[in-house]
Peer 1: 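Below you'll find the structure I mean.
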Amino acid sequence: MPRYNFKETEARWRAVWDRQASFAASEDSSRPKYYVLEMFPYPSGRIHMGHVRNYTLGDLVARYKRARGFNVLHPMGWDAFGLPAENAAKERGVHPAEWTRENISAMRGQLKSMGLSYDWSREIATCEPQYYRFEQKMFLDFLEAGLAYRKESWVNWDPVENTVLANEQVIDGRGWRSGAEVEKRQLSQWFLKITAYAEDLLKSLEGLERWPSRVRLMQENWIGRSTGAQIFFNLEGRDDRLEVYTTRHDTIFGATFCAIAANHPLAQEVAKNNPEITEFIASCNRLGTSEAAIETAEKKGVDTGLRAMHPFIADCPLPVYVTNFVLMEYGTGAIFGCPGHDQRDLDFSLKYGLPVIPVVAPADAAEGFTIGEEAYLGDGVMINSRFLDGMTIAQAKEDIAGRLEKMGAGKKTVNYRLRDWGVSRQRYWGCPIPVVHCQDCGLVPVPEKDLPVVLPEDVDLDLPGNPLDNHPTWKDVDCPACGKPARRETDTFDTFFESSWYFARFASVSDSQAFGREAVDYWLPVDQYIGGIEHAVLHLLYSRFFTRALKQCGYLGIGEPFDGLMTQGMVCHQTYSDEDGNWLYPSEITHDGKGDLVTASGGKPVTAGRSEKMSKSKKNVVDPEAIIDAYGADTARLFMLSDSPPDRDLDWTDAGIDGAWRYINRLWRLFTEPAVNPAPGGAPRPDVLSPQVEKTHRAIHKTIAAVGNDLDRFHFNKAVARIRELTNLLEDLKEGMDGAAWVMGEGLDTVARLIGPMMPHLAEEVWRHLGRDTLLVDAAWPQADAALLVEDRITVAVQVNGKLRGTVELPKSADKETAETAALALPGVVKVIGESTIRKVIVVPDRIINVVI
RNA sequence: GCCCGCUUGGCGGAACAGGUAGACGCAACGGACUUAAAAUCCGUUGACCGAAAGGUCGUCCCGGUUCGAGUCCGGGAGCGGGCACCA
């Protein structure tokens, strides 16, 4: 049986597309534009299955939209700054720039072997000065617009390596390499004022109708708008006051203590003469900066000795605790504790023996309501609250806010959880921040004519600390303002900076500007953005903010960068381990004769674990290059699209890739050795079609309609299933059936077009086999004949009391009586009804008949 | 800890707006072809009872709404993503 020669075929068609520049995009007002973008990869060195999945999905959309007549932009580039390059430099002594450029070159080759319809002429790498020079300019514009500023903020500090650690480099409170206990340290850093757009970023989520609702919800919660009140507590024996933020001012009479963050100014002050508090603050600082670490730690606190005076109860001093669970970054860094109605406050109170006063009771249990180990968070009526008693929570909030404002003891406020974006990194492999520190002039922006500030190549990454700061000469510069010796900023940008505007750069890559205004006006926003759900908040929110900031600075005119968003699931694979519990690569496993898994080398027993996200650490990875080499790109692509819907996790299995490979060959045989020779394209419809041929003819058009519908809604696995069904029918056509040749011709033409976006190389090959002298990549999507989509008779299910008892075939839109009569005549129905009285018959036309007895 | 998801046969999944649960595929089993194997083709396949006709049960668990629930509502379990310096 001849096999499809994918190696020769795939390479040949890629060369043809290349030669014809099939995927080069240019502005064209005669066709609607469509910008498809997949999240660009970090150039780690080799593509992984997650990339294969992401880029297969994007390519399907791009090729499909092209066939539908859109002017498609589909670019690719490299998110090339980042920590791994520095780690590689430290571990293997290779320069980050060299390592990155080699990785890009290797990965570009791998991506090209997948047959992706990219316009490679627009390729960008963010680590090159011709890219990052423009973001230096953007930063200067942001600075001028008041969107960038400097403030102190906390970082994880490794005292042994003298370096700032990323959260992922802090493991159980210790530095990943040194093992030293991490300290929180305060550094002066650059921030972008994302909070200036908090309200707009929140409100505009509503308009992002083609985003998954869960992503919008996650962003909504991340921005975290709350309406509450600031309350000012006078401090006993002092002139200053404690300002707290709360969303539960209704529970003010349940307040039994106040709590402040460990880095609250008052805590710092009290610590000066209190060794216990000093030690407690130090222990809080050892927790690092990650919110997860802080929130999961046991709730602890120390009494400061300060007493906050209750604003509504005379002579009611509340103890003020320094705690590890109040965050300085949120609200005012201080709260009042109401243990009755907040679980954290209750846990804390039970631990430190503070009183618990319930002030809200469920409406039906107001008498004698008490709190045990669970705070009451529900709705109810106010109790134990003097003038508030009997009110609802909402009424109490209004009342209290009004009184606070009258007394000058507080005010209603809106608060956001969202914090400004800290963009300073004490790292080498990033974009230099274009600022000079001058003793006399302060912070001086680098003049535009001196951009780009280029990263020096000659750095020593083995020294502890910030490599740019360690460089012997780079930071020495004359102040652009006064000309005296000054010092360059040695921090670089967060790498989210580069990925916040790359989609605009793709619209027009030029040496003179970040992007052309006409080009972005034409191409943006991105019509379909595709990437991992792990970027649901940070990258996508930063890009939305950046778009607003760029608009404010006159760069572009759009409101949102990504009109449609698709989030893909992870690629998973079964894990394997040997007797000693060491992970094994799938390639190290084989079957013994008895059906057990053993190691390929020594025949030792292997334990198969559950399927998890492919990761190098668990070795459950399959190398895309090996798969493409063994089965071809189309097989790999088909497997990525079959079975699992894009937003769910996908399990990589050998059986699955074999199944895809078999289907590729089956398609190949259907075209090259069809049971019925297809009539040539454009042949007239024969007068007579045999029943099976007629059914197949209808199926062709139903498939066209269904596949289009599925692709529009990203149900790619269903589209594959529909196409398989159609090919099953075409395989059943036999020589001698009336009209078989004509329908086979129509069927093969249709299948070739439908598989084009999924298996582009095979599709192009069979297209040529059909005798077409054009390229399939330039062919239009097929059109379904609407007349063939409707059936005149429909099978309707018949239930008795909701249980299926049979089916009846009825004319389409049959009236109620006809349906009812037919249903009640069914033997199965008659038997079940027996002597019972029919109480009701529900008829939903063309769907169901339910007899209620 | 907080926020957001997911859970359907042996497996991946399908079921559009609450209306025939299991499309399509994988695996398994039986058969054809073959000296044999591979490849390919045909058939069976949710569980249980039954010779069959047919029946009962069944979409993570518990409860509710409805003529009717995989789908809607309340509660719970398990698994996963994010938590601001991984990208």
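Within every chain, numbering begins at 1; the chains are lettered A, B, ... in the order of the sequence lines, protein sequences first and strands thereafter.
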Peer 1: Can you tell me which nucleotide in rC85(B), rA23(B), rG55(B) comes closest to the side chain of Arg805(A)?
Peer 2: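 Taking heavy atoms from C-beta onward, the closest nucleotide is rG55(B).
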Peer 1: Is the base of rC86(B) touched by the side chain of Gln169(A) through a donor-acceptor pair closer than 3.5 angstrom?
Peer 2: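 Side chain to base: no pair below 3.5 Å.
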Peer 1: From the options rC41(B), rC24(B), rG68(B), select the nucleotide whose nearest atom is closest to the side chain of Asn728(A).
Peer 2: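 Side chain of Asn728(A) sits closest to rC24(B).
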Peer 1: Once you round it to whole Å, what is the distance between P of rC83(B) and OH of Tyr416(A)?
Peer 2: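 Nearest whole value for this atom pair: 23 Å.
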Peer 1: Can you tell me, in whole Å, how much space there is between the C1' of rG13(B) and that of rC6(B)?
Peer 2: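 Rounded to whole Å, the distance is 14 Å.
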Peer 1: Using purine N1 to pyrimidine N3 plus N6-O4 or O6-N4 for Watson-Crick, or N1-O2 and O6-N3 for G-U wobble, each under 3.5 Å, what pairs with rC16(B)?
Peer 2: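 Here rC16(B) is not engaged in any pair, so there is no nucleotide opposite it.
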Peer 1: Side chain of Asn850(A) only, please: which of rC85(B), rG19(B), rU20(B) is the nearest?
Peer 2: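 In terms of side-chain proximity for Asn850(A), the closest of rC85(B), rG19(B), rU20(B) is rG19(B).
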Peer 1: Whether the side chain of Asn221(A) and the base of rC3(B) hold a donor-acceptor pair under 3.5 Å is what I'd like checked.
Peer 2: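 No.
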Peer 1: Using Watson-Crick or G-U wobble geometry with both distances below 3.5 Å, tell me the partner of rA52(B), or none.
Peer 2: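 Across any shown strand, rA52(B) pairs with none.
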Peer 1: Could you tell me how far rU20(B) sits from rG70(B) if I compare only their C1' atoms? Round to whole Å.
Peer 2: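 Their C1' atoms lie roughly 14 Å apart.
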Peer 1: Closest nucleotide of RNA chain B for Val798(A) versus for Tyr542(A): which of these residues is on the 5' side?
Peer 2: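 Whichever sits nearer the 5' end wins; that is Val798(A).
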Peer 1: Check every atom of rC85(B), rG13(B), rG19(B) against the side chain of Gln799(A) and return the nucleotide holding the closest atom.
Peer 2: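 That would be rG19(B).
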Peer 1: Considering the options Phe493(A), Tyr542(A), Phe545(A), which one meets the side chain to side chain contact (heavy atoms under 4.5 Å, CB included) requirement together with Ser500(A)?
Peer 2: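 Output: one option passes, namely Tyr542(A).
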Peer 1: Between rA23(B), rC85(B), rG54(B), which nucleotide has the shortest distance from any of its atoms to the side chain of Lys831(A)?
Peer 2: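 Closest nucleotide among those given: rG54(B).
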Peer 1: Compare the minimum distances between each of rA84(B), rA27(B), rA14(B) and the side chain of Leu418(A), then state the nucleotide with the smallest one.
Peer 2: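 The listed nucleotide nearest to Leu418(A)'s side chain is rA84(B).
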Peer 1: Is Arg225(A) salt-bridged to Glu220(A), cutoff N-O under 4.0 Å?
Peer 2: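 Salt bridge between Arg225(A) and Glu220(A), a charged N being under 4.0 Å from a carboxylate O: no.
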Peer 1: Looking at the angle O4'-C1'-N9-C4 for a purine or O4'-C1'-N1-C2 for a pyrimidine, is rG9(B) syn or anti, with syn meaning within 90° of 0?
Peer 2: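 rG9(B): syn.
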Peer 1: Glu220(A) CD to rC4(B) C1': how many Å, rounded?
Peer 2: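 Interatomic distance, CD of Glu220(A) to C1' of rC4(B): 12 Å.
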Peer 1: With P as the reference atom in both, quote the distance from rU71(B) to rG63(B) in angstrom, rounded to an integer.
Peer 2: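 Comparing P positions in rU71(B) and rG63(B) gives a spacing of 14 Å.
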Peer 1: Between Glu534(A) and Lys613(A), does any NZ, NE, NH1 or NH2 come within less than 4.0 Å of an OD or OE carboxylate oxygen?
Peer 2: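 Glu534(A) and Lys613(A): not salt-bridged.
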Peer 1: Could you tell me how far apart Glu295(A) (CD) and rG1(B) (C1') are, to the nearest whole angstrom?
Peer 2: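 After rounding, the reported distance stands at 5 Å.
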Peer 1: Run the salt-bridge test on Lys90(A) and Glu161(A) with the 4.0 Å N-O cut-off and return the result as yes or no.
Peer 2: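 Glu161(A) and Lys90(A): not salt-bridged.
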Peer 1: Would you give the length of the straight line joining atom CH2 of Trp99(A) to atom CD of Glu91(A), rounded to the nearest 0.5 angstrom?
Peer 2: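 Going from CH2 on Trp99(A) over to CD on Glu91(A), the span is 9.5 Å.
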Peer 1: Contact class for Trp421(A) (heavy atom, under 4.0 Å): base, sugar-phosphate, or nothing?
Peer 2: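 Nothing, no nucleic acid heavy atom in range.
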Peer 1: What interatomic distance, in whole Å, is found between P of rA32(B) and the corresponding atom of rG81(B)?
Peer 2: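 Straight-line distance between the two P atoms is 50 Å.
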Peer 1: Now, which nucleotide makes the Watson-Crick or G-U wobble pair with rU44(B), with each of the two distances under 3.5 Å?
Peer 2: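 rA28(B) - that is the nucleotide pairing with rU44(B), both distances being under 3.5 Å.
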Peer 1: Should the side chain of Arg427(A) and the base of rC85(B) be counted as holding a donor-acceptor pair, with the cut-off at 3.5 Å?
Peer 2: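 Such a pair exists between side chain and base.
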Peer 1: Nearest whole angstrom, please: distance from the P of rC85(B) to the CG of Asp420(A).
Peer 2: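 Whole-Å distance recorded here is 12 Å.
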Peer 1: If you measure from the Lys or Arg side-chain nitrogens to the Asp or Glu carboxylate oxygens, is any gap between Lys193(A) and Asp420(A) under 4.0 Å?
Peer 2: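 No, no charged N to carboxylate O under 4.0 Å.
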Peer 1: On RNA chain B, nearest-nucleotide positions of Arg713(A) versus Ala797(A): which is more 5'?
Peer 2: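 So the residue in question is Arg713(A).
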Peer 1: Return the value, rounded to whole Å, for the distance between atom CG of Asp649(A) and atom C1' of rC79(B).
Peer 2: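 Atom CG in Asp649(A) sits about 10 Å away from atom C1' in rC79(B).
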Peer 1: Contact class for His539(A) (heavy atom, under 4.0 Å): base, sugar-phosphate, or nothing?
Peer 2: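 The residue His539(A) makes no contact with any strand.
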Peer 1: Distance check needed: rC4(B) P versus Arg216(A) CZ, whole Å only.
Peer 2: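 From Arg216(A) CZ to rC4(B) P: 14 Å.
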Peer 1: Look at the side chain of Ser644(A) and decide which nucleotide, out of rG12(B), rC83(B), rG5(B), has an atom nearest to it.
Peer 2: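 Among rG12(B), rC83(B), rG5(B), the one nearest the side chain of Ser644(A) is rG12(B).
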Peer 1: Round to the nearest Å and state the distance from Ile794(A) atom CD1 to rG19(B) atom P.
Peer 2: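 Distance, rounded to whole Å: 15 Å.
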Peer 1: Between rA38(B) and rC24(B), how far apart are the two P atoms, rounded to whole Å?
Peer 2: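 It works out to 26 Å between them.
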Peer 1: For Phe191(A), does the six-membered ring have the charged nitrogen or CZ of Lys151(A) within the cation-pi criterion, i.e. under 6.0 angstrom from the centroid and within 45° of the normal?
Peer 2: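 Judged by the rule, Lys151(A) and Phe191(A) form a cation-pi pair.
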Peer 1: I'd like to know if Glu329(A) pairs up with Arg417(A) as an ion pair, taking the criterion as any Lys NZ or Arg NE/NH1/NH2 lying under 4.0 Å from an Asp or Glu carboxylate oxygen.
Peer 2: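 Not counted as a salt bridge, because no side-chain N and carboxylate O are separated by less than 4.0 Å.
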Peer 1: Rounding to the closest angstrom, what is the interatomic distance between rC33(B) and rA27(B) at atom C1'?
Peer 2: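 That atom pair is separated by 23 Å.
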Peer 1: Measure from the side-chain heavy atoms of Ile848(A) and tell me the nearest of rC6(B), rC67(B), rG19(B).
Peer 2: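 So the side chain of Ile848(A) is nearest to rG19(B).
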Peer 1: What's the closest nucleotide to the Asn717(A) side chain, out of rA27(B), rG13(B), rC16(B)?
Peer 2: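 The answer is rG13(B), which lies nearest to the side chain.
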Peer 1: Could you tell me the separation between the NZ atom of Lys734(A) and the C1' atom of rC42(B), rounded to a whole number of Å?
Peer 2: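 My rounded result for the distance is 11 Å.
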Peer 1: Return the pairing partner of rC79(B) with a 3.5 Å limit on both distances, Watson-Crick or G-U wobble; otherwise return none.
Peer 2: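 Pair assignment: rC79(B) / rG5(B).
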Peer 1: To the side chain of Arg724(A), which of rG25(B), rC85(B), rC83(B) is closest?
Peer 2: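 Closest nucleotide among those given: rG25(B).
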Peer 1: If you look at every strand shown and take non-hydrogen atoms under 4.0 Å, does Arg344(A) touch a base, only sugar-phosphate, or nothing?
Peer 2: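 Result for Arg344(A) = nothing.
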Peer 1: Could you measure between the two P atoms, the one in rC3(B) and the one in rG76(B), and give it in whole Å?
Peer 2: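 These two P atoms come out 13 Å apart once rounded.
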Peer 1: If we take the P atom in both rA23(B) and rA15(B), what is their distance in whole Å?
Peer 2: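 One P to the other, the span is 12 Å.
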